[in-house]
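Heads up, the thing below is written out as structure tokens.
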Amino acid sequence: MLKIEVEQEDDGRWIGEATALPGVLAYGSTEAEARSRVAALALRVIADRIEHGEPLAP
């Protein structure tokens, strides 16, 4: 299971981060949107790593 942390920025936007995948961050106007965007990005990063024979996490 992929852990996603979200928090609200001072400007009202939400930022989500996949903690096991450094650099996998995404913004959204709502918490749900940030979670959805970071999950989609994380899946793309994982698929790319598998395709290139790279480890999934450090």
Side-chain angles (χ1 to χ4, degrees):
M1 178 176 241
L2 186 63
K3 181 178 178 183
I4 295 175
E5 293 182 357
V6 292
E7 62 182 55
Q8 193 167 25
E9 300 280 300
D10 292 337
D11 63 5
R13 295 181 301 167
W14 288 84
I15 186 167
E17 176 182 14
T19 56
L21 298 167
V24 177
L25 306 164
Y27 282 98
S29 58
T30 65
E31 181 180 358
E33 183 179 54
R35 283 185 185 278
S36 176
R37 287 182 175 183
V38 78
L41 178 58
L43 290 173
R44 287 192 295 269
V45 168
I46 290 168
D48 188 61
R49 288 183 179 182
I50 289 170
E51 185 177 324
H52 292 95
E54 298 172 12
L56 295 180

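This one's a predicted model, so the numbers in the text were calculated from it and none came from an experiment.
At distances below 3.5 Å, at least one donor-acceptor pair connects side-chain atoms of Glu33 with backbone N or O atoms of Ser29. Here the side chain of Glu9 pairs no donor or acceptor atom with the backbone of Arg13 at under 3.5 angstrom. Arg37 places a side-chain N or O within donor-acceptor distance of the main-chain N or O of Tyr27, the cut-off being under 3.5 Å.
Closest approach of Ala18 and Ala42 over heavy atoms only: CB-CB, 4.2 Å. Counting all heavy atoms, side chain and backbone alike, Gly16 lies closest to Ala34 at N-CB, 4.0 Å.
Looking at heavy atoms from C-beta onward, Val6 lies out of side-chain contact with Ile15 at the 4.5 angstrom threshold. Side-chain contact between Leu21 and Leu41: absent, with no pair of heavy atoms (C-beta onward) separated by less than 4.5 Å.
Cluster annotation: Val45 and Leu2 are assigned to the same hydrophobic cluster (Ile/Leu/Val/Met/Phe/Trp/Tyr, side-chain heavy-atom contacts under 4.5 Å, transitive).
Taking CD1 from Ile4 and CD from Glu31, the interatomic distance works out to 11.0 Å, rounded to the nearest 0.5 Å.
Ion pair Glu5/Lys3 flagged as a salt bridge, since at least one NZ, NE, NH1 or NH2 atom sits closer than 4.0 Å to an Asp/Glu carboxylate oxygen.
Partners of Asp48 under the side-chain hydrogen bond (donor to acceptor under 3.5 Å, both in side chains) rule, at least two apart in sequence or in another chain, are His52.
Remark: Asp11 CG is packed, more than 12 non-hydrogen atoms of other residues, nucleotides or ligands lying under 6.0 Å away.
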